[in-house]
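A short write-up of the structure that comes next.
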Amino acid sequence: MTPPVLATLSRWEPSSPRLTWYGEADERVELSGRVLSNWVIKAANLLTSECGAGPGTTVQIDLPAHWRLLVWTLGSWAVGAAVALGGEQGTAPDVVVTQRLEPWLDAGAGDLVAVTLPALARAWPTPLPAGVIDGAAELMGQPDQPLFAVPPLHGGAVAQGHGERVLLVAEDPATLVERAWACWEQGGSAVVATPRSAAELDSIRSQEAVRAP
């Protein structure tokens, strides 16, 4: 059973920020509810149309704790696929989403989606091997509306409410996904920052009007 991503997205205020990212070299990215929803649906459409992802398939997301990790995780859940995080190569997954191509090219995985991390990147920076999908260029060409069957909602209604603006430090991918999703389920807004000094984190709290933690 995967989280009810599309039901949760539909309850967001479209114009309010839902994800704000503070990366290296003063990189700041802010996605409103509408924009984040569009990114997630585009990722989901790519995974279904290009990779055949859906219920019963596994998408391995080999990305660091980063805002793009969150987009691809939500996109995978949206189509009903199971998600495995990290770069450990066990049972060959159906799809791999990664910024590290070399370890996966001969690993026997199914479809391989190459994701570049810089916010303004619109394509993989070098020519890709045959069969590898450019997760930036191909994503941008996907529609903003779902082209896949929405998995049924299990476990009752989606939590509603006006959650707080929460600061999350991007250290561990699994922890970031868990905490960001918990925030969004409660109607909150996630401010995600790479590890930095306490003084810098306090400055971000003040600038972004973070109320928790």
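Computed from a predicted model, the values in this text were never measured in an experiment.
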| remark: Hits for side-chain hydrogen bond (donor to acceptor under 3.5 Å, both in side chains) against T73, two or more places apart or cross-chain, chain-then-number order -> none
| note | CD (E138) and CD1 (I133) are apart, to the nearest 0.5 Å, by 7.0 Å
| task | Let me see the working for V177 and L70 under side-chain contact (heavy atoms from CB on, under 4.5 Å), right down to the final yes or no. | result | CA-CA 6 Å; V177 167; L70 297 173; 4.0 Å; yes
| Flag, side chain of R211 to backbone of V166, donor-acceptor distance under 3.5 Å | no
| field | All side-chain hydrogen bond (donor to acceptor under 3.5 Å, both in side chains) counterparts of S16, not counting sequence neighbours | value | none
| task | List in chain and number order the residues that pass side-chain hydrogen bond (donor to acceptor under 3.5 Å, both in side chains) with Q207, two or more places apart in sequence or in another chain; answer none if no residue qualifies. | result | S203
| query | How long is the gap from CG on L74 to CG on L36, to the nearest 0.5 Å? | reply | 6.5 Å
| task | Among residues two or more places apart or on two chains, list those pairs meeting ring-ring contact (aromatic ring centres under 6.0 Å, His included) that have a residue in residues 26-51. | result | W39-W67
| field | side-chain hydrogen bond (donor to acceptor under 3.5 Å, both in side chains) partners of R196, counting only residues at least two apart | value | T194
| Which residues pass the ring pair (Phe, Tyr, Trp, His ring centres under 6.0 Å) test with W72, sequence neighbours left out? | none
| said: Once salt bridge (charged side-chain N to carboxylate O under 4.0 Å, His left out) is applied, do any residues pair with D172, and if so which ones, sequence neighbours excluded? | reply: none
| message | Keeping N45 on the side-chain end and Q145 on the backbone end, is there a donor-acceptor pair under 3.5 Å? | response | yes
| field | Side-chain (R68) to main-chain (P118) donor-acceptor, under 3.5 angstrom | value | yes
| Does L128 sit in a hydrophobic cluster with other residues, and if so which ones, taking ILVMFWY side chains as linked at heavy-atom separations under 4.5 Å, directly or through other members? | V96, L101, W104, L105, L112, W124, V132
| field | Beyond-backbone contact of L69 with V115, side-chain heavy atoms, under 4.5 angstrom | value | no
| N38 CG to Q142 CD distance, which is reported to the nearest 0.5 Å | 12.5 Å
| message | I need the full list of salt bridge (Lys or Arg N to Asp or Glu O under 4.0 Å) pairs touching residues 56-67, with sequence neighbours left out, sorted by first then second residue. | response | D62-R100
| task | Ignoring hydrogens and angles, state whether a donor on the side chain of Q60 or T58 is under 3.5 Å from an acceptor on the partner side chain. | result | no
| note | When rounded to the nearest 0.5 Å, the distance separating CG of D144 from NZ of K42 is 4.0 Å
| Residue list, salt bridge (charged side-chain N to carboxylate O under 4.0 Å, His left out) with R28, at least two apart or on another chain | E30, E208
| Non-hydrogen side-chain atoms of I61 and V83 separated by less than 4.5 Å | yes
| Could you state the interatomic distance from CZ (R205) to CD (E200), rounded to the nearest 0.5 Å? | 12.0 Å
| Which salt bridge (Lys or Arg N to Asp or Glu O under 4.0 Å) pairs, counting each pair once, include a residue from residues 44-55, with sequence neighbours left out? | none
| query | How about P17 and R165: do any of their side-chain heavy atoms sit closer than 4.5 Å? | reply | yes
| remark: dist Y22:OH -> L168:CG (nearest 0.5 Å) comes out at 13.5 Å
| query | If Ile, Leu, Val, Met, Phe, Trp and Tyr residues are connected whenever their side-chain heavy atoms lie under 4.5 Å apart, and connections chain through other members, are L147 and V59 in the same group? | reply | no
| Which pairs, with at least one residue in residues 75-95 and sequence neighbours excluded, count as a ring-ring contact (aromatic ring centres under 6.0 Å, His included)? | W77-W181
